[in-house]
A.B. asks: 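Questions regarding the structure given below will be posed in turn.
Throughout, a chain's letter reflects where its sequence line sits, starting with A, and its residues are numbered from 1.
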Amino acid sequence: MQLSPGKALYSNIVSKKKYIIVFLIIAIVISFIVNLFVGSAGLTLVETINAIFGDSSKINRVIVWSIRMPVAISAILVGAALGIGGCEMQTILNNPMASPYTLGISSAASFGAALVIILRISISPFFDNILISLSAFCFSILASFSIFTLSKRFGWDRGVLILFGIAMSFLFNALTTFLQFIADQNDLQSFIFWSFGDLTKINWTQILILFIVLIVIYTLFFKKSWHLTAVTLGDSAALSLGIDVKKMRRTVIIMVAILSATSVSFAGTIGFVGIVAPHIARMIGGEDQRFLLSISALVGALMLSVASTFGKTLVPGVILPIGLVTSMVGIPFFIYLILQHRGGMK
Amino acid sequence: MKTKFSKTLLVLLSIFLLMVLTAPCSSNNTDKTGEEVVANEKTPEPSQSTREITDAQGNTLTVAKNIGKIAVDQWGTADIVVSVLGEEAMDKIVAVGITKSYNQIKGIYGKSYPQINNLPSIGGGRSSPIDAEKIISLQPDLYMIANYSENSDDLIGKLAKANIPTVILNISEEPSQSPQNAIKIVGELFGVQERADEIAGFIDSQYKLIESKNLEDKRNKPTVYMEKGSGTKDEYDVTWSDQSAWGKIVTKTGGKNIVDSSLGNSVKIDSEFLLSGNPDYIIIAGSVGIGTDLEEGQELIRSYTQRTGWQNLDAVKNNNIFLIGHGQERDQFCFFPHLVMAKTFYPEDFVDIEPLEILKEFYDKYMLLDFEDGHWYIKLE
């Protein structure tokens with residue numbers, strides 16, 4: 001049956017976007033494999049393959065399964081979480097500068113971590129890392145819910161949300177700076193490492209938690225794709241299409257808060273990806289949330305996966321903090337994209 | 001919608017909290033390496049080729065009877081191994097974590113011991129975490145770190161999975177005791193207790209000398225201000241209270257720290273506080289030691305003296321301002337700043353004592369680097 005020109009064009013656009021998704025998935029798989037094969041131990045291709053399938057020395061299996069694999073997987077999950085968080089924050093706030101951290105989540109998480117590290121709050125040495133993650137998570141959620149409560153009064157106005165987010169960031173930054181001021185050198189050092197963003201400390205349990213949270217939230221967002229696309233047309237247009245914009249904004253904020261807080265509490269604050277991944281996704285896939293959501297997640301995952309590999313190879317013998325690498329590698333690429341699209345980012 | 005959403009939220013939060021709280025239990029399971037990972041496992045199972053020791057943290061560790069290769073977190077820790085093992089240490093150390101002076105010290109050792117030039121990097125320092133993968137690939141018999149170094153359970157756990165125990169040396173808790181205990185543990189590890197006891201004895205005798213003068217009971221103690229040597233003419237760096245390692249040294253040597261712990265143990269103080277405190281002595285703890293340039297040291301002291309109001313301080317007017325090695329408060333050379341301060345504060349009690357001579361004797365007897373390779377104490381000229 002011959003499709004009408006309109007349907008043919010639509011079908012063409014949709015299949016193009018599907019190809020983009022397939023291409024990104026392939027790129028992520030390749031990047032994941034490269035990430036597994038790169039490391040300071042200098043394992044050969046064969047040794048790494050043998051270690052992956054368990055037919056190797058214990059040392060090589062530990063290197064691949066306990067060190068490289070958690071980093072390679074968490075790079076993809078954290079990147080996807082930041083991509084999704086950034087995409088939805090930019091959508092509901094209709095602001096290209098929004099990111100998963102717009103509501104002060106990273107500042108609050110940093111404060112939570114600093115509190116445990118610098119004040120040496122400890123149940124037992126074995127629980128220290130868990131306590132840092134838990135504290136970072138709790139403060140992130142606290143910051144988001146504070147904004148949530150405050151914004152209720154102003155009818156979930158976009159501008160008010162952003163302003164409260166800025167205020168919350170300044171507040172927690174100030175509190176963190178105070179803790180840094182009273183910290184001794186070693187605690188300060190530990191906190192600086194945490195705040196750089198670090199995937200090497202994520203364990204399998206944390207990966208599982210992040211995976212579950214990511215899948216659940218992605219599914220919930222995906223189900224609301226049409227509604228979210230309508231929100232990008234503006235509040236009035238979305239309302240005229242029967243969408244409760246306030247409720248939508250409230251829902252998205254809470255879900256992004258949970259997703260970002262989970263990610264930041266395990267991996268520290270990794271900036272840049274949350275802002276840039278949705279922009280790149282929009283440039284290559286358009287505004288349709290059915291695709292924008294997935295492409296943002298995939299671009300975020302790819303960015304962090306590639307950054308993780310670069311982090312191990314840029315300076316031989318030294319693992320650069322992932323947050324630093326995402327900026328170093330990502331910013332020139334991002335500027336190139338802006339120039340290619342003649343600044344056309346809305 | 002609201003109920004459904006709230007339920008989802010509740011479930012998510014519950015999953016997170018439950019999993020975070022049960023994480024330690026779940027790590028008892030078999031992991032992907034196919035090995036049984038015990039939550040508090042630090043070391044491999046004992047066998048005929050291994051033995052158990054207790055480190056300064058109270059951890060019972062199973063280590064190889066004959067330790068062939070070791071990785072250390074920094075040159076400061078390596079120094080203890082060097083003093084205990086001598087030249088043999090140069091063949092046993094297969095990796096040293098990066099610190100500010102890493103390349104400088106590596107270069108000096110490398111001139112006499114070429115194998116040191118080939119040490120691979122395992123990261124470390126201010127911007128890079130220690131690389132567990134690299135350490136595992138080197139397969140050392142143990143990883144040795146100072147208690148104040150990066151010693152996350154995460155790193156220790158990963159090394160333990162590869163049967164590499166981590167020995168934590170408590171070097172800094174009590175400046176006048178901890179280094180000797182660390183030396184004895186290293187002696188026990190390598191089966192050279194006699195040599196370790198000799199070194200610890202040498203250090204102990206210096207403290208006995210200081211204690212014999214009852215400096216802590218002196219009246220009219222000189223007032224002292226200490227500052228970390230990363231400050232500038234315009235910016236103060238942190239100072240330490242009497243509860244910190246440097247503070248304890250000042251107290252033990254009969255000085256009176258003008259900063260007490262109510263201000264914090266490591267703080268930048270208000271310049272007015274210092275100017276009104278008008279200390280008799282100012283001690284800058286900076287980059288002094290192996291490879292130090294004498295003129296750079298003098299320049300650093302001079303830059304401090306150019307701060308607003310410092311020309312009016314008694315310490316500056318009397319040239320009682322000096323630079324000493326930051327880091328010595330937490331290593332085996334800690335007796336040296338003790339001797340320097342004791343002699344500086346009470347010269348009449350230490351007429352025949354030359355701290356630099358004693359340090360030289362220590363270097364000549366126990367270290368591989370030459371005493372002449374560094375400057376240890378720089379006084380304003």
A.B. asks: Could you tell me which non-hydrogen atom of B:Ala162 sits nearest to which non-hydrogen atom of A:Ile59, and how far apart they are?
C.D. replies: O-CD1, 3.8 Å
A.B. asks: Within this structure, what is the CD1-OG distance for the pair A:Ile63 and B:Ser137, rounded to the nearest 0.5 Å?
C.D. replies: 5.5 Å
A.B. asks: Near A:Lys246 NZ, under 6.0 Å, is it more than 12 heavy atoms from other residues, nucleotides or ligands?
C.D. replies: no
A.B. asks: Under a 4.5 Å heavy-atom cut-off, does chain B meet the side chain of A:Ala183, its backbone, both or neither?
C.D. replies: backbone
A.B. asks: Test of understanding: with side chain to side chain donor-acceptor pair (under 3.5 Å), list the residues that count as partners of B:Glu173, not counting sequence neighbours.
C.D. replies: B:Asn170
A.B. asks: For a 4.5 angstrom cut-off between non-hydrogen side-chain atoms, does B:Glu133 reach A:Thr200?
C.D. replies: no
A.B. asks: In this structure, are over 12 heavy atoms from other groups packed under 6.0 Å from A:Phe211 atom CZ?
C.D. replies: no
A.B. asks: Using a 6.0 Å cut-off, check whether atom CZ of A:Phe32 has over 12 heavy atoms from anything other than its own residue.
C.D. replies: yes
A.B. asks: Which atoms form the tightest heavy-atom contact between B:Asn163 and A:Lys58, and what is the distance?
C.D. replies: OD1-NZ, 3.3 Å
A.B. asks: Distance from B:Asp131 atom CG to A:Lys312 atom NZ, nearest 0.5 Å?
C.D. replies: 9.0 Å
A.B. asks: With sequence neighbours excluded, what pairs up with A:Glu47 under the side chain to side chain donor-acceptor pair (under 3.5 Å) test?
C.D. replies: A:Thr44
A.B. asks: To the closest 0.5 Å, what do you measure between OG (A:Ser66) and NZ (B:Lys161)?
C.D. replies: 3.5 Å
A.B. asks: Between A:Ile67 and B:Lys158, is a side-chain contact (heavy atoms from CB on, under 4.5 Å) present by the stated rule, with each step listed?
C.D. replies: CA-CA 8 Å; A:Ile67 296 177; B:Lys158 281 175 183 165; 3.8 Å; yes
A.B. asks: Should the heavy atoms of other residues, nucleotides or ligands under 6.0 Å from CZ of B:Phe273 be counted, would the total exceed 12?
C.D. replies: yes
